[in-house]
*Asks:* 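So that we are looking at the same thing, I have put the structure below in structure tokens.
Just follow the structure's listing: the first ligand is 1, and inside any ligand the first atom is 1.
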Amino acid sequence: MSPEQDPVKLMKQQVGKAAADRVKSGSIVGLGTGSTTAYTIQFLGERLKSGEIKDIKGVPTSFQASVLAKEYGIPLTTLDEIDHIDIAIDGADEVDPHKNLIKGGGAAHTREKIVDCLADQFIVVVDGSKIVDRLGSTFLLPVEVMPMAMTPVMAAITKLGGKPTLRMGVKKAGPVITDQGNMVIDVKFDAIDNPAELEKTLNNIPGVLENGLFVGVADVILVGEIKDGQPVVREIS
Ligand SMILES: O=C(CO)[C@H](O)[C@H](O)COP(=O)(O)O
């Protein structure tokens, strides 16, 4: 590996490709959102173009995934046109030892949860930095909120012990707006001891559309790591 190569990029590339290699001809594939799954979409498109696989259809989890899939020549479908998803491949912001996840760094967790939960097999692709002992230790928990309910939702989350912050755009002035036209708050919890319970509790607050806890959904985690200077993929299943 030459020094000018970014190790995180290399890990993401390797793991994104490893997941794309698992897709078989004829599959309906959930296409995740983010910089890691961007490589999966790219490699899937290349496999299709070379004729190595054929007849796949993608179900995008975001506008970003849809644009990328079109760019790489992957035919798309919608949930109205299919009765199952064979495999979904998506990234994550944190993965705990029970394969539970925090997602939503790209504000796409609502559509991602719909697609990933429907898949017969859900493969998560991450670089090694995403593996944690406990959810919430490195990443704030994203919650998608309807704008008119922002104040009461923030108050309810504060009452639960969370510290919510409205997510602001990086290049855009003002808040991040999701593909559904909502806003995202990022919540710091001192400890997420029971992710399954917190996932339900948050979604029960009127005005919350979905939160980024994915509990008991992932089947396989593919982790990109650097060993002896080379990118390798470790599987947790
Ligand atoms: O949940 C997500 C988007 O909502 C992404 O999958 C997550 O943020 C990981 O992104 P990346 O692969 O760029 O690290």
*Asks:* Look at the side chain of D93 and the backbone N and O of G105, then say whether any donor-acceptor pair between them is shorter than 3.5 Å.
*Replies:* yes
*Asks:* Please determine, by modelled atom types, if S35 and K12 share a side-chain donor-acceptor pair under 3.5 angstrom.
*Replies:* yes
*Asks:* Mind checking whether I41 and V15 sit in one hydrophobic cluster, side chains of I, L, V, M, F, W, Y counted as touching below 4.5 Å?
*Replies:* yes
*Asks:* Show me the donor-acceptor pairs within less than 3.5 Å that the side chains of residues 138-146 make with the rest of the protein, sequence neighbours left out.
*Replies:*
| residue | atom | partner | partner atom | Å |
| --- | --- | --- | --- | --- |
| T138 | OG1 | E94 | OE2 | 2.5 |
| E144 | OE1 | T110 | OG1 | 2.6 |
| E144 | OE1 | Q180 | NE2 | 3.1 |
| E144 | OE2 | T178 | OG1 | 2.7 |
| E144 | OE2 | Q180 | NE2 | 3.1 |
| E144 | OE2 | N182 | ND2 | 2.9 |

*Asks:* Testing the basics here: between F189 and L160, what is the closest heavy-atom pair and its distance to 0.1 Å?
*Replies:*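 Where F189 meets L160 most closely, the heavy atoms are CE2-O, 4.2 Å.
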*Asks:* Cut-off 3.5 Å, side chains only: do N203 and E210 have a donor facing an acceptor?
*Replies:*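 N203 vs E210: donor-acceptor pair found between side chains.
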*Asks:* Anything under 3.5 Å between an N or O on ligand 1 and a protein N or O? List each pair with its distance, or write none.
*Replies:*
| residue | atom | partner | partner atom | Å |
| --- | --- | --- | --- | --- |
| ligand 1 | 1 (O) | K103 | NZ | 2.9 |
| ligand 1 | 1 (O) | G104 | N | 2.8 |
| ligand 1 | 1 (O) | E112 | OE1 | 3.1 |
| ligand 1 | 4 (O) | G106 | N | 3.1 |
| ligand 1 | 4 (O) | A108 | N | 3.1 |
| ligand 1 | 4 (O) | E112 | OE1 | 3.1 |
| ligand 1 | 6 (O) | T33 | O | 2.8 |
| ligand 1 | 6 (O) | G91 | O | 3.4 |
| ligand 1 | 6 (O) | K103 | NZ | 3.0 |
| ligand 1 | 8 (O) | D93 | OD1 | 2.6 |
| ligand 1 | 8 (O) | D93 | OD2 | 3.2 |
| ligand 1 | 8 (O) | G105 | N | 3.4 |
| ligand 1 | 12 (O) | T36 | N | 3.0 |
| ligand 1 | 12 (O) | T36 | OG1 | 2.6 |
| ligand 1 | 13 (O) | S35 | N | 2.7 |
| ligand 1 | 13 (O) | S35 | OG | 2.5 |
| ligand 1 | 14 (O) | K12 | NZ | 3.1 |
| ligand 1 | 14 (O) | K130 | NZ | 2.7 |

